[in-house]
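All remarks here apply to the structure that follows.
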Amino acid sequence: MLAGLYVGREVPPPAESVDVATTNPLSPGIAMNTDLVIGMAGSGGDGIVSAGESLLTAAALEGYHGVLTKSFGPQIRGGESSFRLRVCTAKVLSPGGSLDLAVALNWEDFLKFGAELPVGGQTTVIYDSNTNVAPDRIPLVGVTPAEVIPVPIEQIARETGGSDRAKNTVVLGLMSGWLGIGRQEVIAGIRKRLAKKGEEIIERAEKAFHAGLEFAEQHPLKTDRLMAEPSAPTAKFVVDGNDLCAAAAIVAGCDFFGGYPITPSSEIMHFLGREIWKYGGTMLQAEDEIAGVGAVVGASFAGKKAMTATSGPGMSLKTEMLGLASIAELPLVCVNVQRGGPSTGIPTKGEQSDLFQAAFSAHGDVIRPVLAPVSAEDMFPVTIEAFNLAEQYQTPVIILSDQEVGQRKETAEPIDAAAIRIIERQKPTAKELEHYVRFRFTETGISPISHPGMKGGNYLASGIEHNEHGAPTANGEMHSRMNDKRLRKFDPLKQRRDLFIVDGHADAPLGLISWGSTAGIAIEAFHLALTQGLRVKLLVPRLLYPVSEQVYQEFFASIARGLVVEQNHQSQLFRLLRMFVDVPRGIEQLAKSGSNPITPAEVADRLRQISLALQREKHQQPSEG
Amino acid sequence: MLAGLYVGREVPPPAESVDVATTNPLSPGIAMNTDLVIGMAGSGGDGIVSAGESLLTAAALEGYHGVLTKSFGPQIRGGESSFRLRVCTAKVLSPGGSLDLAVALNWEDFLKFGAELPVGGQTTVIYDSNTNVAPDRIPLVGVTPAEVIPVPIEQIARETGGSDRAKNTVVLGLMSGWLGIGRQEVIAGIRKRLAKKGEEIIERAEKAFHAGLEFAEQHPLKTDRLMAEPSAPTAKFVVDGNDLCAAAAIVAGCDFFGGYPITPSSEIMHFLGREIWKYGGTMLQAEDEIAGVGAVVGASFAGKKAMTATSGPGMSLKTEMLGLASIAELPLVCVNVQRGGPSTGIPTKGEQSDLFQAAFSAHGDVIRPVLAPVSAEDMFPVTIEAFNLAEQYQTPVIILSDQEVGQRKETAEPIDAAAIRIIERQKPTAKELEHYVRFRFTETGISPISHPGMKGGNYLASGIEHNEHGAPTANGEMHSRMNDKRLRKFDPLKQRRDLFIVDGHADAPLGLISWGSTAGIAIEAFHLALTQGLRVKLLVPRLLYPVSEQVYQEFFASIARGLVVEQNHQSQLFRLLRMFVDVPRGIEQLAKSGSNPITPAEVADRLRQISLALQREKHQQPSEG
Amino acid sequence: MSTLSARPVEDYTAKDYKSDLKPIWCPGCGDFGVVQAIYRALANVGRPPHEIAFISGIGCSSRIPGYTTAYGFNSVHGRSLPIAQGIKLANPDLLVLCAGGDGDGFSIGGGHVAHAIRRNIDITYIVMDNQIYGLTKGQLSPTSRRGLATVSSAHGAMESPVNPLLYVLGYGAEFVAQGTPADMNGLAKIIEEGIRYPGFAFINVQSPCVTYGQEDQMLKAQKATLQTLESLSHNPADRLAAMDLAQAYGEKLYTGVFFRHAKPGPTFERLARERQDAQRSTVKSRADVLNVFRLKKP
Amino acid sequence: MSTLSARPVEDYTAKDYKSDLKPIWCPGCGDFGVVQAIYRALANVGRPPHEIAFISGIGCSSRIPGYTTAYGFNSVHGRSLPIAQGIKLANPDLLVLCAGGDGDGFSIGGGHVAHAIRRNIDITYIVMDNQIYGLTKGQLSPTSRRGLATVSSAHGAMESPVNPLLYVLGYGAEFVAQGTPADMNGLAKIIEEGIRYPGFAFINVQSPCVTYGQEDQMLKAQKATLQTLESLSHNPADRLAAMDLAQAYGEKLYTGVFFRHAKPGPTFERLARERQDAQRSTVKSRADVLNVFRLKKP
Ligand SMILES: Cc1ncc(C[n+]2csc(CCOP(=O)(O)OP(=O)(O)O)c2C)c(N)n1
Ligand SMILES: Cc1ncc(C[n+]2csc(CCOP(=O)(O)OP(=O)(O)O)c2C)c(N)n1
Ligand code: SF4
Ligand code: SF4
Ligand SMILES: [Mg+2]
Ligand SMILES: [Mg+2]
């Protein structure tokens, strides 16, 4: 069973907080915020991301939930840089919609992020007054923010921190003041980070922070941005998807990683390059992706759990080896942290456009499971599950993550590794080793697998079609039986209901489906729609392929209309489902190419429209009787 | 328009001859055959294939139609070897069903081919009496052939030809005698082939041939196998799919081929390695498949028409480069002569299991056209079309051939290259070159393309997402627009009706769909079914992807039940269609893994069953009114 | 380079080869110097930009074609050489340049180098060797020194570096040189020589990565340590001597021409042209290719 | 080979390593001799078959693992080395053999050789070099001589052949040898030496293809021309001398050990084990890896 948060119907309660204010318990009458989105942009040297991380850590320490996404220009150094931080008193699953607070260290860089940092009528805009722009002249066309506040950020930084490199610390002070978060924690964090740099530097940083804080206190906001207390403050983890994937691999028993660097997946390799040795494992930075997955195939043949990770171009190169692993029936996990495609595409931005490839890139008749995590936190159970499926079914398993999930930082519930169930590959018994037959036709299609070092288990693995003993064959009937064995063995996997998040009224006529990094958005939209009174139900597959016909058929049974939400151009999940399931005609698609934001509000709107159309349709139907 | 034989409704008339005997005009009362299938097997050194080729050539010279397929064991030399030759008085499209005449030089090798050389109750079995098996003891279980004739083939060969290497010549004599084909032609062929070996050798061969002929005349068959005169004897070509593909490429204007050897595609490279220089082109045997297609991408960028060819494993390796060609919008043709998969699979036998890969192997949102020829002869128009589509749409185009089509020899109508329409890529005009914008957003999505050497056309090609000028961008909106451009440009292609073979009554309730090498079988089955009175219609797409929704919708409009026939395990075309078209529920699948024969009779049977079920269903429905 | 354009050489200056795209390299990156040297070399050679095809893979260094006015192709990681060969064979009249990083050329692309060289296709291949993966933010490259700690080798590299100079000499390259933007004149000169060499030319450039590189690889350090091969009176016609000097890669910084074959061998494209010329007369039109399928009475 | 099994050496004979699969090579193929030599070498080394992993790519020669009783892996074309490295790193106690053809190793697989060597993973890599593509029926291989006409080069090869011996020496291989089934004793001996060498060992075998090869490559011709390096009193510790002799590849048939490093360097797997041993003490259970995500009050 998939260990994790959102199994079966256990969907977290609606984030009631979304865009809804509560009252300040201290000074009743003043609304306090439960859910805020902050966006900040500047140039690469401005320490934007580290500011975002400080804020998230501080909030997490106080018991808040949060999601931090980062976005950069193509430059390695000196280009534009930004973060988006959503802080919430309850669990959040997406980076949210428009910004509540926007911070522009300079306008040129801020504008480069376009729709990624959306400013709306409810936004408070803060900018460095050194940009010499009047508050009513800020270069945002077509919007009138709630409030626009120039702050002499650079000036304060120079005066207190001694250099403009303290600008991010000043902003931390401002945020801390206006949000009421992390006074102690930010300072403590700064101290820790700068410990080696000496007391003088620390002192300056503290000064800069306090100056920001002071400015905030002296300039209260028109729209109050004080955060309410977190609902149930517990100890938190702060995770990012790539790191957590690597850590989960270690917990799952992974002893070998082979791969080749590629954005936005490299952190998985970096993490394992630091950590895997401690657990007796080995990390190999190979000469290319083919060699990386080749070494993984080898390690698996040698009896070890093994993984590789890459992004689109690397996936394309790994195609042949993945096919080999399928026919040789060797377990392995392959993570694709998707980015904008095709080809080199947009390396630094997420997209969900490699689903077709994940399912169908191999030549020949092949099934290999494809899983997708819905959040960074979800990377843990999904990675564990990927290893379990790989070992159980003796197959490559693909994890379809993406830049969004892979590189974002999130608060997460503490993980209890002991609660995880780990599956090991089925090895031949002593008796079976007496007359070992590697590819024996069994009822399940799964045959016990030996490995070098195991006496009596000697066999020939190959990419050539083979008989039960592994001997090459060109016989059509044997080929047919082996294909059948290799495909049929996945039948039980299609029965696994715990790999789906299902929520809502069983007989709702309106359906919402999404996957991977957009699933969080859809889940929030689902709860929004529920609060708006829509009769909607939700389906989020974490198992994308093979397609579990039954799960979808049951889901669709009551559905007249609905929406599939995904971050690609061709509605790839929607198309994939149609291959195996009778998808109701009323299902529409909300599909956007990568780095074009999809927001919960937008999805909920679309659902509302669909629901209205459905009602109109019903009324037009002649009444019965 | 696709130049070729089976365009639109121009399907050849039913091969009335199938399994139907006509009367001998010379001796009325004796039935003469219009359609015979001969199979022969022996060991590699026996010259099996050259015997088959001699017979086909002789038959073709007399105006018969024929299809010759070859099948071998995995050995390079000395292994088992076989041919199947179908000779017909009218056009044939498939290798046919059970054998009429089976020739076993030895039983061990014959049996290795199993279902590929099917012996039935109507078969005349000839075997070498040196195998010391009594005619009622031949090792074929579960069948009683019409007649079993031991012939001292080896003995005759030694006595007349002077060595057992003349066995195949003796068999040619036997066939010539029993079928009444090619007395002159076979001898003439032998003479030509052995011209250099001297008069003595030629004389011995002639003796061996005549000894066979004599034996046949002295031992008339119970079931007469004399062939009737061909219906309309015209000059013929004898083609095989791979060679014809290469030749068509030259006719289409291909100036560059880059590739890497792989069975069963290598003949394309061999042909071009011999011929392309004559037409000013270059053939590069690259170090691997990636380099092969890489060089093709380069040649295309340089303004030339270019092609690569491979089989499954090579396709997997070319994935990344094909994605590059898609986003850089560079024309190229990539031939996949499919074999049994996955992985190395069965290199020497055909399969149609790379369709999913052809359509979906690239990462990111990509469409690239996929075409499939229905016969060796069809390789000509399909290859021409592939180049035309590549140049017109600035895209890689995949031709899905397979071992069956690629390596079989067929009689074909003489090809008139002058009747072919060749499409050239749209180049910028002098005016456009003044301010050239490579990826300009145009109405069609197709932008004129320059190449090095063209003054003013200088631009940056890349696999990175780019703006209209080719400059790299990470902007989401630009990405979305470019994706749209690259996908939308194929809309007109989906309107091309001439890329489909459609036949039968427009309102037939029974549908038959097939593609590629199995299409010939399906077409024959379709005509069989018609003669049996079934109300059936036929659809054979030569454009497999993108899926032309409209063509299918129209076809399906009248359909209640039907059958999709293909040579793979997962019913890949059936699944692919479901993605884009509402496939009626009554459509069944006849799908077999590679090298498990599908015969016209079997398909027709299945259609009959489906039709019966349909009728039962209708009768069960309560009558109206 | 097979043919020089008709246009007189003096018509071109370095800026004719500079495009409008603003380089997004880090300030101080060695690649700025490399592209400058290329502009100068191209100006000296004097081919018009539209007769030049400039191909690269992926990496910081591989952005370079976009900063020139030539026809550029910023392709995929490690595959610049196959693409460049296809271009040159399709149109031997073009001047074909190829460039990329140490990872692009000797890790993922390492399998293509030997074959480009043994075919001897007239391409000038410039590797910007910074001993690191710049674009992907600082992982080990194949030329990184043993023991180097990077994001991908937290505990130090456990493999020996490749030796690009020795490799290509072993592959039989006829022109092998090394340069650095620390000596701009020298660099521009060897690039020009490489372009003028009538066959495959390999140029390794020690182009520092100021963001992820090591102190001793920076231009300043290079200036202090570099030794020109001329100053060592190395005879570039001596292949074994070149190999001997190449062994010092990673320890000594030699610049200049390691090897220039005294008698350039035939290029693949020249042999191809000869073959085409010899064969062309046997046919009249493309349709003739169909004759092989025609059945003739024996 | 890192550890010898406890079982005494004399327990094994060549036939313990011979499987029941009947080779489907052409009668007379050189590969028959190679597999015999491997049986003999393995028997001398004396590791039990189940502690041996034998990996190959695709080709006639790559069928060889199936003819032994070891754990075999007849993988995909050109990728035996990456797979073998994964196996050895996953379980350094195994004896890992790797084999394949000239095309498998130096054309499609050519990009992997240098990296296996610079990592110095203890694998013995045997290339059956027949200067042709056997399995695919006679195309040019990377070691085919210039001008050779084959099915894929009707008008003759236009490229120079690769030189496997010189390449691997350039890559820094510590053990480089050449053998031929024309001298079975010599061949068995160098394979045994290669296996016993504690690091990556490369063995080129001149294994004739009787179906598509040239007359002068057949065993008979080889017997007449081969010269043992011993007879030339070559010092296998001398790398430059080895390179010099290796230059004659394709012209002279030298057999024996070209190079054996006097002081074997550390293998990757040894360094990895040291690293594991050093780091292991810092953690108690796999769950400890999650500690990095734990927030602690600063
Ligand atoms: C197939 C593929 N694998 C990996 C990558 C990621 N990637 C891009 S550039 C690069 C290496 C960069 O190093 P180098 O070639 O030395 O160039 P530099 O940036 O140092 O100039 C990598 C691993 C990719 N784009 N494509
Ligand atoms: C990816 C891939 N490309 C091509 C092939 C076809 N193929 C199989 S073996 C081979 C080359 C055989 O030559 P070599 O490696 O020298 O081995 P030999 O048969 O001569 O022993 C080729 C091209 C393949 N199986 N897979
Ligand atoms: S990361 Fe290094 S190589 Fe890349 S642009 Fe910056 S300095 Fe240059
Ligand atoms: S084709 Fe050549 S290499 Fe292959 S088995 Fe036959 S003789 Fe050996
Ligand atoms: Mg680099
Ligand atoms: Mg070979």
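Below, chain A is the first sequence line, B the second, and so on; all start at residue 1.
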* Test item: A:Arg368 side-chain N/O and A:Ile398 main-chain N/O as donor-acceptor pair under 3.5 Å -> no

* Could you give the distance from NE2 (A:His569) to CZ (B:Arg486), rounded to the nearest 0.5 Å? -> 9.0 Å

* Who are the side-chain hydrogen bond (donor to acceptor under 3.5 Å, both in side chains) partners of B:Lys489, not counting sequence neighbours? -> B:Glu329

* **Contact winner vs chain A - B:Pro597, B:Gly594, B:Pro74, heavy-atom pairs under 4.5 Å** => B:Gly594

* Asked: What part of A:Phe580 is in contact with chain B, defined as an atom under 4.5 angstrom from a non-hydrogen atom: side chain, backbone, both or neither?
  -> both

* To do: Report yes or no: does A:Arg339 contribute a side-chain atom to a donor-acceptor pair with the main-chain N or O of A:Thr263 at less than 3.5 Å?
  => yes

* B:Ala115, B:Ser595, B:Ser480: which one forms the most heavy-atom pairs within less than 4.5 Å of chain A? -> B:Ser480

* Max heavy-atom pair count under 4.5 Å with chain B, selected residue of A:Ser361, A:Pro342, A:Gly323, A:Gly341 -> A:Pro342

* **Option that, when pairs with chain B are counted at under 4.5 Å, heavy atom only, ranks first among A:Leu487, A:Leu577, A:Ile367** => A:Leu487

* Can A:Lys592 and A:Glu602 be counted as an ion pair, charged N to O under 4.0 angstrom? -> yes

* Any donor-acceptor pair under 3.5 Å linking the side chain of B:Asp354 with the backbone of A:His363? -> no

* List the steps and the verdict of side chain to side chain contact (heavy atoms under 4.5 Å, CB included) for B:Met482 and B:Ile327. => CA-CA 9 Å; B:Met482 279 291 167; B:Ile327 189 170; over 6 Å; no

* Using non-hydrogen atoms and a limit below 4.5 Å, what part of residues 310-317 of chain B faces chain A? -> B:Gly312, B:Pro313, B:Ser316, B:Leu317

* Which one, A:Asn483, A:Leu576, A:Asn336, leads in non-hydrogen pairs under 4.5 Å with chain B? -> A:Asn483

* **Which portion of A:Ser326 sits near chain B, non-hydrogen atoms under 4.5 angstrom** => neither

* When only pairs under 4.5 Å are counted, which of B:Thr319, B:Asp365, B:Ile290 shares the most heavy-atom pairs with chain A? -> B:Asp365

* To do: Might you work through the side chain to side chain contact (heavy atoms under 4.5 Å, CB included) test for B:Thr473 and B:His479, ending with a clear yes or no?
  => CA-CA 8 Å; B:Thr473 179; B:His479 178 40; over 6 Å; no

* **chain B interface, residue from A:Gln338, A:Glu351, A:Glu116, A:His466 that has the most non-hydrogen pairs under 4.5 Å** => A:Glu351

* Sub-3.5 Å donor-acceptor pair from the side chain of A:Glu566 to the main-chain atoms of A:Leu573, do we have one? -> yes

* Could you list the residues that satisfy salt bridge (Lys or Arg N to Asp or Glu O under 4.0 Å) with B:Arg575, not counting sequence neighbours? => none

* To the nearest 0.5 angstrom, please state how far the OG1 atom of A:Thr69 sits from the CD atom of A:Gln403. => 8.0 Å

* Asked: What residue in A:Asp484, A:Val583, A:Asn475, A:Leu322 has the most heavy-atom pairs under 4.5 Å with chain B?
  -> A:Asp484

* May I ask you to check whether over 12 heavy atoms, not counting those of A:Glu477, lie within 6.0 Å of atom CD? => no

* To do: Using non-hydrogen atoms and a 4.5 Å limit, figure out which bit of A:Arg585 sits close to chain B: side chain, backbone, both or neither.
  => side chain

* Asked: Where on A:Leu324 is there a heavy atom nearer than 4.5 Å to chain B: the side chain, the backbone, both, or neither?
  -> both

* To do: Name the member of A:Ala474, A:Gly340, A:Pro472, A:Gly364 that forms the most heavy-atom pairs with chain B at distances under 4.5 Å.
  => A:Gly364

* Asked: Based on non-hydrogen pairs under 4.5 Å, which of B:Ala328, B:Ser343, B:Gly73 is most in contact with chain A?
  -> B:Ser343

* Asked: With a 4.5 angstrom heavy-atom cut-off, which part of A:Ala362 approaches chain B: side chain, backbone, both or neither?
  -> backbone

* To do: State whether A:Arg578 and B:Asp582 are salt-bridged, where the test is any N-O pair (Lys NZ or Arg NE/NH1/NH2 against Asp/Glu carboxylate O) under 4.0 Å.
  => yes

* A:Val581, part contacting chain B, at a heavy-atom distance under 4.5 Å -> backbone

* **Contacts of type side chain to side chain contact (heavy atoms under 4.5 Å, CB included), residue A:Lys494, not counting sequence neighbours** => A:Asp491, A:Pro546, A:Ser548, A:Glu549

* Asked: If you count heavy-atom pairs under 4.5 Å between each of B:Leu355, B:Thr348, B:Asn568 and chain A, which one has the most?
  -> B:Asn568

